[in-house]
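Below is one structure, written out as structure tokens; comments come after it.
Numbering of ligands and ligand atoms starts at 1, following listing order.
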Amino acid sequence: MTGSSTVLPFKIEKNPNPLSAEKRADLLKNPGFGRVFTDHMAVVQWSAGKGWHDAVITARKPFEIDPASAVLHYGQEIFEGLKAYRAHDGRILLFRPEANAERFHNSAIRLAMPPLDKDVFLAAINELVKIDRNWIPETPDSSLYLRPFMFANEAFLGVHPANEYIFSVIASPVGSYFKSGSTKPVSVWLDTEFSRAGPGGTGEAKCGGNYASSLLAQINAEKNGCDQVLFLDVVERKWIEELGGMNVCFVMDDNRLVTPKLDGTILHGVTRKSILQLAKDNGMKVEERSYSFDDLKKDAKSGHLKEVFACGTAAVITPIGVFKYEGGETVIGNGNGGEITQNLREQLIHIQKGEAKDPYGWVKTVKID
Ligand SMILES: Cc1ncc(COP(=O)(O)O)c(C=O)c1O
């Protein structure tokens, strides 16, 4: 990892009132997911004519934005999610941060926002993790979740790409995404009422709007006793796409791993991409292709479909035990997850934490000095 970006130096303004070590230690014991935040944030400004400027690491505080700010009206906003881990040898590790930088770049282009130099994205993360490194929890299953984001900040009510933006990174110590932990199987609700994304839309961009439009479906899932929602394609309402906040993979009884192909409507998950590589290395046949919910039901019944798991930065790899839908449910295997899911999960976590060989150079060490 580079420290300060070569194209834009970060000014460091230390928080004059950081949380006491005692209070921090208390929060780190059981941080939950996304509710506890560190002492600092990274902020970089963009304006037409000036480009990206004024990069700073500063005390975490609210933004002051104009009520006419474009993001509040037209939703020009994108974000990313990645984690920093503390290795046994004391190093602080990031998992494939360049992949997040690249996806952020692509999301910016799709939302007509100014792409951020990948070097600046990576430097902002490095500098924030460096200054807030005491906030990395060390209990198993926990890490420092990093949330880079960008929003339109011009006070203008015309429907038009804004002329001012803010890029920022905040950090949040986290435990498991699911309350039940990330090894216990979760339940998934098949949504047939709402859509998350359609052809030509923003499905493969990581923008706030995609998540806003998934929330009603997520409420339905919860009303039906499920942890997550599964979306089908909007054209035939037949093909499995992804969950509200994770990709999905299917383990067959003939050593195949099947996952929906990237066709513009689903997110290019960094975890998904990494798992497909690990599965290939383990000798599995990987198929990125369409898979219908009808086939899922049939294959689960016949035993051809052995395991299903959700994958993403927040969830890591979490087994799916059951799919529920109007009028029924389909249990996967014995409903308790399976060996292949567990092995892939352990393999991935060991690489992420610097405990296993990293043949593809996925893990990057945060530069402290
Ligand atoms: C809709 C959606 N799909 C998939 C993913 C998984 O992506 P990644 O593995 O890069 O975290 C996420 C999580 O960020 C997501 O929000």
Side-chain angles (χ1 to χ4, degrees), residues 33-34 77-85 94-107 110-111 121 125 143-150 169-170 172 174 176-178 182 186 188-189 191 194-198 201-218 221 227-234 239-250 257 259-279 288 308-318 320 341 344-345 347-349 351-352 360 362-364:
F33 192 94
E77 189 272 351
I78 58 170
F79 66 98
E80 269 303 324
L82 68 162
K83 285 173 170 173
Y85 310 85
L94 298 169
F95 186 69
R96 307 187 78 172
E98 295 92 348
N100 295 93
E102 191 179 336
R103 191 169 63 190
F104 196 68
H105 188 272
N106 297 339
S107 298
R110 179 62 186 85
L111 273 283
F121 180 97
I125 287 170
S143 55
L144 186 64
Y145 183 79
L146 301 164
R147 170 52 60 87
F149 60 106
M150 190 206 297
V169 189
I170 53 173
S172 171
V174 296
S176 296
Y177 185 76
F178 293 111
S182 51
V186 293
V188 171
W189 174 252
D191 185 84
F194 301 110
S195 306
R196 179 187 170 274
T202 56
E204 69 180 11
K206 205 164 166 63
C207 61
N210 289 345
Y211 297 81
S213 71
S214 76
L215 295 179
L216 262 186
Q218 178 63 25
D227 301 290
Q228 269 283 308
V229 57
L230 174 71
F231 290 102
L232 299 180
D233 77 290
V234 297
W239 307 106
I240 294 172
E241 297 221 311
E242 64 178 328
L243 307 184
M246 289 141 224
N247 293 117
V248 60
C249 293
F250 308 95
L257 185 80
T259 193
K261 61 179 186 293
L262 303 173
D263 61 358
T265 57
I266 67 175
L267 199 76
H268 295 210
V270 179
T271 319
R272 173 190 180 278
K273 181 160 68 170
S274 310
I275 288 164
L276 297 190
Q277 187 62 56
L278 293 178
E288 294 179 70
V308 183
F309 60 83
C311 61
T313 299
V316 195
I317 297 180
T318 302
I320 296 175
T341 302
L344 284 168
R345 179 189 156 80
Q347 242 179 304
L348 181 68
I349 290 177
I351 296 176
Q352 288 172 333
Y360 301 103
W362 287 341
V363 171
K364 303 292 174 208

- Got a donor-acceptor contact below 3.5 angstrom from the Arg196 side chain to the Leu230 backbone? no
- When you measure from the side chain of Gln218 to the backbone N and O of Asp227, does any donor-acceptor pair fall under 3.5 Å? yes
- ligand 1 N/O within reach of Thr271 N/O, cut-off under 3.5 Å: yes
- Task: Distance to 0.1 Å, residue and atom name: give those for the protein heavy atom nearest to atom 12 (C) of ligand 1.
- Result: Gly245 O, 3.2 Å
- Item | Check: Thr202 main-chain N/O paired with Asn210 side-chain donor or acceptor under 3.5 Å | yes
- Minimum-distance protein heavy atom relative to atom 11 (O) of ligand 1: Thr313 OG1, 2.6 Å
- Message: Under 4.0 Å from a heavy atom of Glu242: which atoms of ligand 1 are those, numbered in the order shown and with their elements?
- Response: 1 (C), 2 (C), 3 (N), 4 (C)
- Asn247/Lys273 under side chain to side chain contact (heavy atoms under 4.5 Å, CB included): CA gap, chis, key distance, verdict: CA-CA 10 Å; Asn247 293 117; Lys273 181 160 68 170; over 6 Å; no
- Item | Distance-minimising heavy-atom pair for Ser274 and Trp362 | O-CH2, 3.5 Å
- Does ligand 1 have any atom sitting under 4.0 Å from a heavy atom of Lys206? yes
- Item | Any Gly244 heavy atom less than 4.0 Å to ligand 1 | yes
- Query: Can any side-chain N or O of Thr271 pair as donor or acceptor with the backbone N or O of Cys311 at less than 3.5 Å?
  - Reply: no
- Task: Below 4.0 angstrom from a heavy atom of Gly269, which ligand 1 atoms are there? Numbered from 1 as shown, please.
- Result: 7 (O), 8 (P), 9 (O), 10 (O)
- What are the atoms of ligand 1, with element, lying closer than 4.0 Å to any heavy atom of Tyr211? 1 (C), 2 (C), 15 (C), 16 (O)
- Task: Specify whether Phe33 and Tyr177 have parallel, tilted or perpendicular ring planes, treating 30° as the upper limit for parallel and 60° as the lower limit for perpendicular.
- Result: perpendicular
- Could you walk me through whether Leu257 and Phe309 pass side chain to side chain contact (heavy atoms under 4.5 Å, CB included), step by step? CA-CA 11 Å; Leu257 185 80; Phe309 60 83; 4.0 Å; yes
- Message: Under 4.0 Å from a heavy atom of Arg103: which atoms of ligand 1 are those, numbered in the order shown and with their elements?
- Response: 7 (O), 8 (P), 10 (O)
- Message: With the threshold set at under 4.0 angstrom, would you say Arg196 reaches ligand 1 through any of its heavy atoms?
- Response: yes
- Message: Out of all atoms in ligand 1, which are within 4.0 Å of some heavy atom of Gly312? Include the element for each.
- Response: 6 (C), 9 (O), 11 (O)
- Message: If the cut-off is 4.0 Å to any non-hydrogen atom of Met246, which atoms of ligand 1 fall inside it?
- Response: 2 (C), 3 (N), 4 (C), 5 (C), 15 (C)
